Structures are given as C-alpha cells and as structure tokens.
There are 2 protein chains.
Amino acid sequence: MLVSNHARPTLEDVAARAGVSRATASRVLNASPRVSPEALEAVNAAVLALGYQPNRAARALVTRRTGAVAVLFSEPEPKIFDDPHFARLIRAGARALADVDVQMVLMLVHSPDDQARAHRFLAGGHVDGALMFAPHRNDELVSIVKKLPLPVVYAGKPWGSLRGMHLVDNDNEGGAVVATKHLKALGRKKIVHVSGPLDEMSAIDRLNGFKSALSLDDKGAAKLTEDGGFTREGGRKAMSVLLAKHPNLDAVFVASDLMAAGALETLHEAGKRVPQDVAVVGFDDHVAIAEHTTPPLTSVRQDSDEQVKHMVEHLMKLLRDETVKKKQQMLPTVLVRRESA
Amino acid sequence: MLVSNHARPTLEDVAARAGVSRATASRVLNASPRVSPEALEAVNAAVLALGYQPNRAARALVTRRTGAVAVLFSEPEPKIFDDPHFARLIRAGARALADVDVQMVLMLVHSPDDQARAHRFLAGGHVDGALMFAPHRNDELVSIVKKLPLPVVYAGKPWGSLRGMHLVDNDNEGGAVVATKHLKALGRKKIVHVSGPLDEMSAIDRLNGFKSALSLDDKGAAKLTEDGGFTREGGRKAMSVLLAKHPNLDAVFVASDLMAAGALETLHEAGKRVPQDVAVVGFDDHVAIAEHTTPPLTSVRQDSDEQVKHMVEHLMKLLRDETVKKKQQMLPTVLVRRESA
DNA sequence: CTCGGCGACTCAAAGGTTTTCATCGAGGAG
DNA sequence: CTCCTCGATGAAAACCTTTGAGTCGCCGAG
C-alpha cells in the first residue's frame, strides 16, 4: 500500500487504515447510527492518526450543500459603516457562524452593481442561506432575494409585507415606550424626540413608542419630533431645531446613542445642564458611546450579539428543515440608567 | 429531450443546447484559445439563455482551488473591534475581493480556541490563501500559519523575522518623521509623543520616526513618550501624564487619531488652547474622527483602502503563480493639515 | 494521389464524498 | 433444522467540472 505522503488523506485512506469500506467511514463521520462500535472506534482512530479532513468541495458536490452562508449588508451610504454598530454586528456574525462551523461570506452591497453581483452570487447556489441586514425602505435587494429559493433571516423588519419572512427584531417600540415613560415618571413636562431616518423601520417603531407613551396623534408627534438621520451630526442639528421650537423642553428621547452624543453637544453649547435642565435618554446602549458622554447616557439596551445569535440559530433550523415555531422573533429591550436621565 | 425545468442547468445542458461537447463548452467558459468563433458564440448564447452558472463545488473538486480566501483578524482584545479602523479594513477587503470575484471568508481570532479552529480551517484546504491582520507581538497564529503551505499576505509587519513573507505596510516611520518635523517647523520647542502599544510594529515604527526626527536616543525618547494603547481613554491618560511631566510642552505627536481625540479632551480640561498653546498631530487620518474633533485634527494619512487593495492584488498574483517583483511593499503616507497644527 | 501536419473537437477519466441498494451473517421463532 | 428479520457492511452510482489523450477532417506539400 503506497500512500503519497504529502497529499491530503482522503476518506479512502481512512477507510483502508480502519479496515472498513468508504461507506462505513462516511457513516461514522456523519454520525449515522447504523454502525458498530468497533467500526466507529477504528474509523475515529484512523481519522485522528491521519489528520483527516473531509474535502469540502466533494461533499458539497454530492450533498448540494455548501456549508457557507452569506451575510449581506445592504446600505446605500457606505459611510454608515464607520458606525461601530456595524462592526459589532459583523463580529457577532463571525462568532456565531464559526460556532456552528459554517463559513461566513460577507457581502457589502452599496450600488446597483453590487446588487447585481449579490443576485448572481446568491442565485448561483454558492451559499445555503443568508443573513440580511437591509434596514431601508424599498430596498431593491430585498425584492430580489425574496424571489430566490433561498432561506433568509432578516435583522429587524425590512420594509414591505412581512408575510412568510423570517426575522429577528428588537422590541424597538417597547423600548421607546419605556424610555419615554421613564422621562414622564421623572416629572418632565415637555418631552421631545430626535428620531432616526423614517425610511427605517426601527426608527418608525421607536417613534411609535414615543407617540404611544405620550398618547400623541400624528400631528402632535410631528411637532415634537425631528429627524436626526442616525448620525452624530444629525443629532446635533435636530436638537437645535427642537430647542428653537420648544425653548421650554425639559427632556428628550433620542433614537440612537450616536445622535444622543450629538444632541448632548448642542445642549451643552446652549447652556443647558443635563440632566437638571434637560433629561436625555438614548437608544442602543452602545457602550463605547454611552459610557463616555458627559454625563454618561441613560439608554435603551438592545443586545445585537444576542440578535445575531438568534438569527444564526434560526437560519440553521431552516437549513435543517426543522419547523420553526415562530417565524418572527422579538427580543426584549431594557432601559439602562446612567446619569443623563 | 426532457430537462427538469427547476433544477439548475449544468454544463452538459449548455453543451447540448450549443450543439457541442461538454469539453468545448468548458473551454469557452475558461477562455481557452483552442475554440472556433462559431462554437464560442453558440456556447455563450446557451449560457445566457439558460442562465447557467458553473457549479463551484464541482470546479473546486477538480481544480483543487476553492475560489475563496480567508481574511484573518488576530486580536486578543475583542473590544478593539469597536475601533472604526477595523470596519474600514473589513469593508475594503470585502470590496477588493468581490471585485476579483473571490469569496471572502472572515475569521475573527481571539482565543486559543479560535486559533485552533483557524488552524484546522486553513490546513483543511478550505481556502486558496489568506489575508492576515496580526499586529501583535509573538502572535501564535502567525507561527502556525507560517508552517502551512498556504499563500499569505500580511497587513503591516508581523512580529519576528520577515524573511520570505509577503506583506503590504504603510510608511509609519516616514509619516511620523514628517509629522514631527512639521511640529518643529512650526517653531515648537518641547515636542512629546503619545505612542501606541509597543507590542505592535506600527507603534514602534511611529515612535522611531519621532525619535529620528528629533535625533533622540532611547533614553531621551523615553522621557518624552507615553504609551496610550491605541485607545481613546489611553490617549487621555497618556496626555495627562505628559502634561504633568512636562508642563511646558507645546506640541504633541499622537500615534493614532483615536488617542488624539482623547488627548485633546485632556488638553481642553487642562485649559490649553489648541493649537495656540499646544499643537497636535494625529495618525491615521480617520475622517470620522479627525474632522470632528475640536479643532479638526491635523493627521498623517494612511490609506487603508489602498493597502487592502494592494494586499488582494498581491495575493492574487501569488495564487496565479506569477512572480512578484517585491515581496514587501511600502505605501506612502502623507500629512493632512487641518487646524490642530 | 498520398502523406504529414494542424486546428478544432470529442471521449473519458479523474477528483472525493454521500447514499441507495444489495448482501451477508447472526439470532430468534416456529 | 429452516426460515425470517434485522442490523452492519460493501459495491457502485451519482454529483459536475476540467483536462489530457485521441479523433477527425482539411489543407498544402511532395
């Protein structure tokens, strides 16, 4: 028996060494029950001795499974990726997918070109499923992907009909209600809101929470709300607009920590003390921000790590053809009190 | 001829439709010269009509190429990933790899467990090559990967011998020299340095630039330098230490923008005006930071996008077995003047 | 007219795994 | 003792592509 000693061992080699057939060796590797204890042990020993690693391509060829999933970030404004939130999501995805031993193929989709490429790639069967981060309204990529026979789990609610879609969302509305009520409970009388861009569902949900906590109608809410675009700069500007409109405001619920950081700057410049004159609550509880503002920011925590972990678990179930009890999961949010409110 | 109308078309189908053999169709797809114009056209038409996409697994099986490369971030401190620099690198990698149509498999390596997993994965032949971001001293992963018969391109100099390694570095030392000389040219007399952690080559190179621009020996430099650990908080602290040691300092070269942001805070709190009392130069020119500090930060630009692009190009050459003229490339850095110096 | 050469093409093997189907043997029931 | 059942195993097909070896037809030279 001559074995080329430099090439990687194949299943054949393992089988030979264990004194069984390829088929049996394969069964051992795939944890099939129909295999005797002796065979199992022999094969395992051979695998170890040879340092055998299954050939992914060969396996993929026959199983029609790639062992890879795509992670898609659809975002027309590439600069948004300077947002630390993005890094956190990627990190969580990498970890969660590595834990279940599937390859993560990352795709950043900005332009129509990128969309076409993603389309080709996903349709080409190069991955078994996808995790989709596509927060914006009327995202072409969502429509494209919907038509594909590919299991997809969304982060948060994409725009449009949610029928049959699998997603894991944070309780944005609930968190916003808690945040707003907290301000009310503090005895604040004039509470305003810096919202995110209203082409994102999460921003809308947070706005809705604000409205419902204060029992406002659309018109009433519109007066008290200003769009800060989920950027720090936007938060600054929105805050000054609100200050101009409502000089007597004494509390503000800001729909993201990044914007809240901007809003705090504006408030300081306007000579308002936080929290004495104006109480501030953010959203995200992004530690790198919330703990380092002055004063430290009270914020609604949404656990992105947890969200991504759930997304991966959900997708894995879909890939195993298990029935999922709930297609759409909602993760709780909780208010973290610091000093700003 | 009955074709299951839901299954993905194979090369066989394409060949049949084009009236040629599988072999010829394959040659068309791989741009082989040995094919007649008619055949070429017929096959291309068939491909288009059928929406054919080559089966990656089958191709990988026979070519022993996966069409994927790993992107490894080795970093014992997971929190560092909140650094926007990380997001930028990932983004650049995703884009550059997508452009050459290879899959990016992202791996974040924090723990020894992760290292073992990465080792298995890379040794398992699941990728054709790797891009490695491993800035720290004595990184186990670097030693592991060195022993593998796998083409790897490093970002910056890893610790240890550089013999035979392929890498793309920024001119950290040169940039530091320019930055420091700029401060000198401004007439500053007492110039200090907030360095990065000295277990990273980039930090050392920047420190060396500072030393050489001021013709300092090790001892002299040690007095004027404080380690800020490449974090904002570290920058704050380092700055106050330096202020205490050298109350008369009138300029500081900070080895990263994030630390510079921290240093600026300290300076403001100490009542120093920037740039009148103390001139500040950062490093990275990370727009999201440098443009938003008060005052906007003068900084040394290193173009990470460019660096990653070069890394990918370099790796592609290695994969194509082309000879690379220079194994180790150095990218220029340039001083971007804003208001802080 | 024959032969050699050459370009375009086809045939078929190879690549490593999973999985169906058949086989084999042992043990239990009748 | 025979027949049946059932669990473990093996042989072989299938997955889809690339590629080296071989075929075919045509042209030009002799």
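Computed from heavy atoms alone, side chains included, the values below leave out hydrogens, waters and symmetry copies. So you know, we letter chains A, B, ... as the sequences are listed, proteins then strands, and number each from 1. No experiment lies behind these values; they were computed from the predicted model shown.
Atom-to-atom, CZ of R34(A) to C1' of dA22(C) comes out at 15 Å; the value is rounded to the nearest Å. Summarising the geometry, the separation between CD on E38(A) and P on dG25(C) is reported as 16 Å, rounded to the nearest angstrom.
Rounding to the nearest 0.5 Å gives a distance of 11.0 Å between CE of M201(A) and CG of L167(A). How far CD of E140(B) is from NE2 of H119(B): 10.0 Å, rounded to the nearest 0.5 Å. Atoms CZ and CZ, on R22(B) and R27(B) in that order, are 11.5 Å from each other to the nearest 0.5 Å.
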Walk me through it: do D99(A) and R117(B) pass the test salt bridge (Lys or Arg N to Asp or Glu O under 4.0 Å)? CA-CA 10 Å; D99(A) 280 346; R117(B) 169 151 47 204; 3.4 Å; yes
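Remark: nothing in residues 40-47 of chain A comes within less than 4.0 Å of DNA chain C through any heavy atom.
Heavy-atom contacts from other residues, nucleotides or ligands closer than 6.0 Å to CZ of R320(B) number more than 12.
A60(A) comes within 4.0 angstrom of no nucleic acid atom, judged by non-hydrogen atoms across all strands.
Formation of a donor-acceptor pair under 3.5 Å by the Q328(B) side chain with backbone atoms of M165(B) is found in this model.
The closest side-chain donor-acceptor pair between H314(B) and Q329(B) falls under 3.5 angstrom.
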Heavy-atom protein contacts under 4.0 Å, nucleotides 11-18 of chain C, coded B base, S sugar-phosphate only, - none: BBB-BBBB
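Contact check for P151(B) versus L319(B): side-chain heavy atoms found under the 4.5 Å cut-off.
The phosphate of dC9(C) has OP1 or OP2 within less than 4.0 Å of a side-chain N or O from S36(B).
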